[in-house]
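Have a look at the structure below, then the notes.
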Amino acid sequence: MAEIEEKIIGALKKASGVEDATLEIPENEDFGDYSSNVALRAPATNHGSPRESAGRIIEKLEADEALLEIVEKVETAGPGFINFWLKKDVLVDTLRQIDRKKMDFGKSEKGKGKTVIVDYSSPNIAKPFGIGHLRSTIIGQALYNLYKALGYEVVGDNHLGDWGTQFGKLVCMIEIENPKDLSIGTLEKLYVEFHKLAEADLSLEDKARECFKKLEGGDPKIKKIWQACVDVSMKEFARVYELLGVKIDFAFGESYYESEMRQMVDNPKIRKHLTKGEEGASVIDLTEFGIKTPLMFLKKDGTTTYAARDLATIRFRVRKWDPKIIIYEVGMEQTLHFRQIFAAARILGLVESKTDLVHTAHGLYLAPDGKKFSTRKGKTIKLEEVLNEAIKRAEKLGNEKSVAKDVGIGAIKYFDLMHSVGSDVIFDWEKMMNLEGNSGPYLQYTVARTNSVLAKTSIKSPTLHGKYGDLNGEEISILRSLIKFPEVIELAAKSYSPNLLCNYLYNLASKYNSFYGKHKIIGGENEDFRLLLTFGVGQVLKNGLTILGIQTPERM
Ligand code: ARG
């Protein structure tokens with residue numbers, strides 16, 4: 001929480017006697033800069049209605065000298081809310097702060113000494129990087145950046161799907177067909193073919209299982225084929241990450257945890273929780289957590305499962321990083337899986353209660369008609385094509401090549417992030433590229449507009465000397481937004497909701513654009529102030545978009 005809010009909360013605690021008094025930012029600016037519900041939950045010693053106790057609290061607040069230095073007005077509203085309006089000087093001072101801190105405005109040290117792990121992107125080897133992993137990559141990166149801005153130590157880990165029975169199938173097919181080249185296309189085809197053949201030949205599934213067992217057993221020939229598949233895929237993925245401008249700290253991948261899993265199976269403290277489930281699999285009972293489906297740790301042939309690998313991963317991460325939070329940026333369809341592994345991790349004692357395990361559970365991308373993207377066997381939409389299409393469309397908006405990449409990719413990212421994480425995203429090129437509405441290009445365009453206003457003056461970084469005249473409603477309203485930026489970053493991080501930052505940035509850009517349309521900046525009254533305001537808006541938009549992983553071209 002920023003200094004200003006801390007001061008107000010301090011005063012509120014004193015005046016109300018409520019130790020855990022909190023402040024909200026009202027959605028409607030008519031209700032002030034901050035609002036508190038302390039009076040609605042004041043201690044039982046208080047008599048009368050919440051409105052009456054709000055009145056008493058306000059009397060005390062109005063006698064609080066320190067508070068009056070920053071607050072202009074305190075009022076009660078509704079059933080007993082207390083609303084605060086900041087002083088104009090405090091609002092204007094934000095501009096000086098932005099000027100001083102530049103790219104650091106909005107950042108804090110709140111998370112110092114604490115580590116957050118973000119498990120994100122995580123595509124599957126031997127499959128194309130589909131649109132299905134796009135959300136995880138984009139949201140995961142935004143969460144990573146948000147926590148970093150709060151001063152946390154952040155570790156990004158790409159939990160590649162590079163292990164499991166499906167590799168048995170693939171290797172088995174490669175052995176049967178012995179293809180000349182190993183491209184992603186070939187691998188994909190082989191995988192589809194496996195399922196076709198397996199319908200006629202029931203022994204094929206057993207063969208595949210046998211193959212995976214050999215892979216886990218360390219058979220060198222099979223391991224070599226597997227490694228070739230991994231190498232091909234990694235090259236392919238690298239192109240997508242390059243296009244997206246995403247770089248993930250680590251990519252251990254599921255295969256990394258082989259020995260960790262062996263150690264777990266051999267560890268009596270863990271083994272005592274494994275029971276024989278249906279058909280001879282080794283399972284962990286989760287009923288104490290209210291989960292009926294037991295977690296399958298080992299299959300009946302002793303090979304490991306996706307869940308076992310996730311548990312081994314938790315064990316490894318806790319040992320290596322001692323994280324405060326592990327965020328899994330993974331789709332909603334894996335909700336049961338994560339409930340299971342979170343519960344199992346507690347039961348097995350892999351992670352202490354001080355560590356939060358979070359599954360963000362994002363929604364799907366849907367086709368423009370609102371239906372699921374066609375997932376007919378072997379037919380997924382290729383992400384690379386979508387990204388290149390976005391860049392092409394950005395060129396059509398009149399941007400040159402280098403700018404078009406930033407605008408096209410920015411459009412894709414912003415469109416994803418502006419939706420709340422849990423909701424589905426209906427793919428819509430028009431909305432995505434719309435220069436007039438809530439879109440990446442619109443925000444980038446607004447930044448470019450502030451740049452071009454400032455470029456017209458000789459002042460590179462305008463400063464505010466001494467006095468500024470009366471401020472109009474538009475100006476005050478922009479200032480009231482700017483001061484909230486640090487708070488919004490914190491809120492967006494804590495609630496795993498980058499869309500809150502998107503809303504904020506869009507709102508700020510709209511305010512600036514309507515101010516721009518109404519008032520003369522250069523050569524107008526209050527020129528110094530207006531230039532500094534323009535600079536402040538540009539800087540905050542830039543800082544926010546950077547956190548969202550979106551570039552801000554100088555010109556558009
Ligand atoms: N590779 C998995 C998939 O595509 C996602 C992995 C998510 N992360 C995890 N720790 N399970 O479904």
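First listed ligand is number 1; within each ligand, the first listed atom is number 1. Owing to the predicted nature of the structure, the values given are computational and were not obtained by experimental measurement.
Ring geometry, W321 versus F316: the interplanar angle exceeds 60°, so the pair is classed perpendicular (tilted spans 30 to 60°).
Aromatic ring centres of Y241 and F129 lie closer together than 6.0 Å. Aromatic ring centres of Y365 and F415: separated by at least 6.0 Å.
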Side chain to side chain contact (heavy atoms under 4.5 Å, CB included) assessment of F212 paired with K169: CA-CA 8 Å; F212 178 55; K169 296 177 183 171; over 6 Å; no
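Scored by the side chain to side chain donor-acceptor pair (under 3.5 Å) test, N145 finds Q141 as partners (sequence neighbours excluded).
Using a heavy-atom distance under 4.0 Å as the criterion, the protein contacts of ligand 1 are D119, S122, N124, H133, H159, Y306, D310, Y328, V330, Q334, F338.
Using a 3.5 Å distance cut-off with no hydrogens or angles, the side chains of D249 and Y144 do pair a donor with an acceptor.
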